[in-house]
Every structure is written in structure tokens, then in C-alpha cells.
Amino acid sequence: MPSSTQLVNQDASWRQRSELESMADLPPALEKELQRLDAEFWVSSDKLKKIVSRFRGELERGLKEEGKSIPMNVSWVHSLPSGDEKGKILTVDLGGTNLRVCTVELHGSEPAKGEKYTLTQEEFKLPKDLKTSTAEKLWTHIAGKIGTFLSDQGLDKEYSKDKPMPLGFTFSYPATQDKIDHAVLQRWTKGFDIEGVEGHDAAAQLREQLEARDLPVKLICVINDTVGAMVASAYNDPETIIGTIFGTGCNAAYMAKIESIHKLDKANEQVKHNDSGHMAINCEYGAFDNGHHVLPRTKYDERIDKESPRPGQQTFEKMSAGLYLGEIFRLVLLELVEKGLIFQNQNAEKLKHPYSIDTKLLTQIEDDESPKFKKTRNMFEDTLNLQPEDYEIELSRRLAELIAVRGARLCACGVAAICSLEDIKKGHVAADGSVANKHPKFKKRWATALGEILDWDDEAKKEGKGPIIITSAEDGSGVGCAIIAAMELERRRKDKS
Ligand code: BGC
């Protein structure tokens, strides 16, 4: 291993890579630290290619056998929508901070007021301690909110136990599905740690609570948010090839050829009835490189992993997803404080609190164009009770950039690996999640990195110019989930007739 000083000397262009104009000089010791950090966080084109090659291998292994590092979960979604799907569906989405319940009316080929669907929703804040509670508390809570929504919307009068409302459930965690209305949780991700769900069928646990409340609903499907994003986007945009989330967590789904899913039992009745020759695969590639072979992990990444509820899991996600970027930023700042290089003689107590810096803050720092970076100063004051000097603002801007650029470049690797595996040369990658849609530079950085990996010319590397482009996904966990439920109901109807 070359030392970090050697790395810096090998690549003197690091400052030119930055898109930010310098607003203050850094004291020499801090400048040196920043060079070290740049060497640790920068992922070169060559490295990206190495990552993608290993990534593709792990995706392939997941298709061959169950229980591999990247699970490549079969979703039992047999095709993309035609765009004609219709129906009125209830959906529920267990997000990281909210529980969202919706009614989605799909209008298919007969849009209502120009829209292909009508959506009514209610969002309920998840109680903070639910994330670390028990199965019983989780499902009671969810069934309770579904009940509240049904009565708020008068749906409890419209539907009955004999004529139940179809329900789709977006459960965005790795789950083994033997069929579409079944989902055995492999492991919690995104900081969830609820006892009694891992290794159990989440669909059955929810169903039990729905029945206990006598709610007039029937659970039709359990889906992942990536599959939902792909399907909802394809409903409007037939060029959609992949659905992906760059948010609190990270992951993607695509339509795999049935013959490439070697682990699938071809004698299975559901496989026999598949007439598209494809199946949506929820990759769960946040788990890429759990064996630590190729990703350039820093000591900050290692610490985040060690202190997380599931050490050793979600290695890729912990370096690239929204839940962790703010935390990486915090750990670096804290280290510099401890070295006596920043915020000397100030009380940096708040900086010691894990996850006290939201990833949103990094976006705001990079985005700040206010005079004298007043917004950044205010954020430091409000969030951390710190009053930064100019050089500390300069350092924070550079650091926010380094961390976000690394995240975006890594995110391009997963998509490039799927494209290489499926030999996809063009199409739309429908992306959702706070990092994809709220960070103003994410898409541009992602596109550049994808172009570097796939050897595109400079023009194609610009956002929206390449053959594979990133688009903003339609609402996967509401509309996508409803479309999947409607497709599944139609399949069942056809199978019966
Ligand atoms: C979960 C995936 C999900 C992704 C984005 C990951 O932590 O394991 O199921 O798709 O986050 O929400």
C-alpha cells in the first residue's frame, strides 16, 4: 500500500477536479489533511472499472444460488406494465421516517383529466422508537394506520370482508419471496432493528394484524421500492430499463431473462405460467462487497459499519446512501477537531452525537450561494452550535463535495454492472430517493462516472446526453405498487378462466 503522501504526489490534479471556487486559504496543516482525504475518497476511472467487474460477478453469483452476498431476489413481477392497467388499489409503504397509505385509481388507456392515475394519500410519522421495537408493535401500528385511513376515506363502507379492497405493500428490505404475496425478511437494513421479523414472512405478520382488526382488505402483493420505481416509470415511459433508489438506502431492480436466473426452479408452476420470458429481480446490491475485496473503504466507513446495528452488512450502501453520507462527514469533522485543526476553543459537543448531521446538510453546503456563505454558517450554528471561520467553511465545502462525489460515482457502478450483465446499451434508469432527486449535482456526477466506466465520448458523459440516461422515477411505492397489484389480479383472473 502506498502511503497517503505518495498517493497525493502521484495525483497532483486533485484541486482541479473540484467544481467549487476557493473562498479562503486553508492553514497548511489542514491543506495537507484535505489532500489526504481527497486521496482516500477519490475513485478513479480505473478503480470504477475494477469495481464494476467484481460487481457483475457478484450479481451473477446471486442469480445462480440463494444466499449469496448480493441476493438477487426474485420478485414474481413477470412483466413491465402495458400502460393499460386499471383498478382501485390501496397501498401501504413502510418508509424510513413515514408510513404512507394511499388509494391509487389507475385509469390505464383512458386518462382522467389527462392523468393516468389519481392518488389520495395520508402520511403518518413513524414513532421514533418503532425502528428498534418488536414485530408485534410494528404490525399493530401499520394495521392501525391502514384502519384509520380506510375510515377517513370512507373506504370501510365501500368494501367488505366479502368484497375486500386489494392491498399492495411496499416493503423495501431484502426479502425472499416464494410468491408475490409472501416476503421472508432476510435482514433489516437502513438502521432498522425490529425484533421478530428477520426470518419470518412479513406478509403473513401484516395479514394477521389486518385480520385481527377485521379490515376489509386483501393483501395482493409485497414489493420492493426499486421494482415499484421501475414499474411506475415504465407505465409512462417504455424506455425504462432499470428502477433504482439513491435515498436513505441504495438498490436497483431490472427485468432479467428467465434463463439467466439459474436458481429459479423451472418446474415451478409460476415460472411455467410466465409468458414474457422475464422476471423483475430486486438486486439488493447495497450488500455488494460485503467480503471487502474491492471497495476503497476508509476508516470512517469501517467505523460506521462497526457501530451499525448490522456490522458486516450493506457495505456498498454504507458508502453511498443518504443515511450514511452525513455521518461520514461528521466523523471526518470530529477527527479534525480532535487533531486540533478546526473549531479550536469552541464547544464541539454536538458533533459527537452519531447521525447528528443529516445528508441534506451536505447538499445545502455544496449548494450555498448566499453572500459570505451565510446559509452554511447558520446551519453550523443551528445544528452543531459552532461558528465557523472562513477556512472552516472552505474545508466543509470541499469535504461535502468529496463525500458526495464518491457516493455518486459508486452509485454508477451498480447500474453499469447490471447493464454489462444484461448487455443493455441504451435506455432510461428511473431513479428515486432523496440523494438522486434533491442533490443538484448528483445526476451530473453519476452520468460522468457511468460514461467513464462505459468509455463514452465526452459529449455522452454529459447529463442526459448518453445512450443510458438517468430519469426521475415516478412514484414507485404508491403508483408502482398499485400497478403491480393490478397486474397480479389480472394474472389471477386469466389463470382462473
Ligand atoms: C434495502 C432495499 C431498498 C433500498 C432503498 C436498502 O436498504 O435493503 O430493499 O430497495 O434500501 O430503499
Side-chain angles (χ1 to χ4, degrees), residues 41 43-75 172-176 186-191 224-227 229-230 242-254 256 260-261 263 281-298 300-302 304-306 308 310-325 328 403 406-422 424 429 431 433 435-436 446 449-450 452-454:
F41 281 98
V43 191
S44 69
S45 291
D46 279 354
K47 184 70 179 171
L48 289 178
K49 288 181 181 172
K50 284 196 186 104
I51 294 172
V52 171
S53 152
R54 170 120 206 144
F55 215 132
R56 182 190 155 146
E58 285 200 21
L59 296 180
E60 275 169 334
R61 281 193 279 285
L63 289 174
K64 275 203 187 99
E65 271 174 68
E66 289 296 353
K68 290 293 166 196
S69 180
I70 300 185
M72 302 298 270
N73 291 329
V74 174
S75 70
S172 303
Y173 304 90
T176 310
Q186 294 162 343
R187 76 199 77 87
W188 284 116
T189 58
K190 295 181 281 203
N224 186 261
D225 50 2
T226 54
V227 180
M230 173 172 70
I242 289 173
T244 178
I245 308 289
F246 305 123
T248 308
C250 83
N251 187 15
Y254 71 103
S260 72
I261 317 171
K263 64 181 176 185
I281 291 288
N282 160 25
C283 302
E284 288 296 340
Y285 68 35
F288 169 58
D289 205 31
N290 279 349
H292 305 155
H293 298 285
V294 68
L295 288 174
R297 293 169 87 219
T298 62
Y300 316 103
D301 302 306
E302 285 169 11
I304 285 181
D305 181 42
K306 214 167 114 215
S308 73
R310 296 289 178 280
Q313 303 290 351
Q314 302 297 96
T315 299
F316 180 68
E317 178 163 282
K318 285 171 178 159
M319 296 172 75
S320 56
L323 180 58
Y324 306 101
L325 300 185
I328 300 172
I403 295 170
R406 185 186 74 160
R409 289 174 74 77
L410 289 179
C411 283
C413 294
V415 166
I418 295 177
C419 292
S420 144
L421 181 69
E422 281 286 308
I424 296 171
V429 176
V435 178
W446 181 93
L450 191 70
E452 286 174 34
I453 298 166
L454 301 176

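Along the sequence shown, residues are numbered consecutively beginning with 1.
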Q.
Test your reading of the model: is there a side-chain donor-acceptor pair from N251 to the backbone of G286, 3.5 Å cut-off?
A. no

Q) Do I418 and F55 have side-chain heavy atoms sitting under 4.5 Å apart? A) no

(Q) Tell me every residue that passes side chain to side chain contact (heavy atoms under 4.5 Å, CB included) with A229, counting only those two or more places apart in sequence or in another chain. (A) I245, A473

Q.
I'd like to know whether Y300 forms a side chain to side chain contact (heavy atoms under 4.5 Å, CB included) with Y324, so could you lay out the CA-CA distance, the side-chain angles of the two residues, the decisive distance to 0.1 Å, and finally the verdict.
A. CA-CA 10 Å; Y300 316 103; Y324 306 101; over 6 Å; no

Q) What pairs with E60 under salt bridge (Lys or Arg N to Asp or Glu O under 4.0 Å), at least two apart in sequence or on another chain? A) R56

Q | Residues that V435 engages under side chain to side chain contact (heavy atoms under 4.5 Å, CB included), provided they are two or more places apart | A | F246, F442

(Q) Once side-chain hydrogen bond (donor to acceptor under 3.5 Å, both in side chains) is applied, do any residues pair with S53, and if so which ones, sequence neighbours excluded? (A) none

Q) Distance from K190 atom NZ to L323 atom CG, nearest 0.5 Å? A) 9.5 Å

Q: Kindly write out the residues that satisfy side chain to side chain contact (heavy atoms under 4.5 Å, CB included) with A449, not counting sequence neighbours, or none if the list is empty.
A: L48, R409, A412

Q: Measure the spacing between CG of N282 and OH of Y173 and express it to the nearest 0.5 Å.
A: 13.0 Å

(Q) Would you say that D289 contacts H293 through its side chain, given a criterion of any heavy-atom pair below 4.5 Å between the two side chains? (A) yes

Q: Answer with yes or no whether the side chains of N224 and N73 bring together a donor and an acceptor at under 3.5 Å.
A: no

Q. Going by heavy atoms in the side chains, are S45 and I453 under 4.5 Å from each other?
A. no

Acceptor/donor pairs from residues 310-321 side chains to any protein atom, 3.5 angstrom cut, sequence neighbours excluded:
from: R310; atom 1: NE; to: E198; atom 2: OE2; distance (Å): 3.0
from: R310; atom 1: NH1; to: D193; atom 2: OD1; distance (Å): 3.1
from: R310; atom 1: NH2; to: D193; atom 2: OD1; distance (Å): 2.8
from: R310; atom 1: NH2; to: E198; atom 2: OE1; distance (Å): 2.9
from: R310; atom 1: NH2; to: E198; atom 2: OE2; distance (Å): 3.3
from: Q313; atom 1: OE1; to: R187; atom 2: NE; distance (Å): 3.4
from: Q314; atom 1: NE2; to: E317; atom 2: OE1; distance (Å): 3.3
from: Q314; atom 1: NE2; to: E317; atom 2: OE2; distance (Å): 3.2
from: T315; atom 1: OG1; to: N290; atom 2: OD1; distance (Å): 2.9
from: T315; atom 1: OG1; to: H292; atom 2: NE2; distance (Å): 3.4
from: E317; atom 1: OE1; to: C250; atom 2: N; distance (Å): 2.8
from: K318; atom 1: NZ; to: D305; atom 2: OD1; distance (Å): 2.8
from: K318; atom 1: NZ; to: S308; atom 2: OG; distance (Å): 3.0
from: K318; atom 1: NZ; to: R310; atom 2: O; distance (Å): 3.0
from: K318; atom 1: NZ; to: Q313; atom 2: O; distance (Å): 2.8
from: S320; atom 1: OG; to: F316; atom 2: O; distance (Å): 2.9

(Q) My understanding is that only residues two or more places apart in sequence, or in another chain, count here; which of them pass side-chain hydrogen bond (donor to acceptor under 3.5 Å, both in side chains) with S172? (A) D225

**Q.** Electrostatic pair D301:R406 at N-O distance under 4.0 angstrom
**A.** yes

Q.
Applying side chain to side chain contact (heavy atoms under 4.5 Å, CB included), can you list everything that pairs with K49, at least two apart in sequence or on another chain?
A. D455

Identify all side-chain donor-acceptor contacts of residues 62-71 below 3.5 Å with residues at least two apart in sequence or on another chain.
from: S69; atom 1: OG; to: A287; atom 2: O; distance (Å): 3.2

Q. Would W446 and L410 satisfy side chain to side chain contact (heavy atoms under 4.5 Å, CB included), going step by step from the backbone distance to the final call?
A. CA-CA 8 Å; W446 181 93; L410 289 179; over 6 Å; no

Q) What residues form a side-chain hydrogen bond (donor to acceptor under 3.5 Å, both in side chains) with S44, not counting sequence neighbours? A) none

Q: Can you sort out the partners of T244 under side-chain hydrogen bond (donor to acceptor under 3.5 Å, both in side chains), two or more places apart, ordered by chain and number?
A: none

Q. If we only count heavy atoms from C-beta on, is the L59 to I281 side-chain gap below 4.5 Å?
A. no

Q | Heavy-atom side-chain proximity of I242 to M230 below 4.5 angstrom | A | no

**Q.** For L450 against A416, the heavy-atom pair lying closest together
**A.** CD1-CB, 3.7 Å

Q: Output, in order, the C-alpha distance, side-chain angles, deciding distance and verdict of side chain to side chain contact (heavy atoms under 4.5 Å, CB included) for Y254 and L421.
A: CA-CA 11 Å; Y254 71 103; L421 181 69; 3.6 Å; yes

Q: Report the residues that fulfil salt bridge (Lys or Arg N to Asp or Glu O under 4.0 Å) with E58, sequence neighbours left out, ordered by chain and then residue number.
A: R54

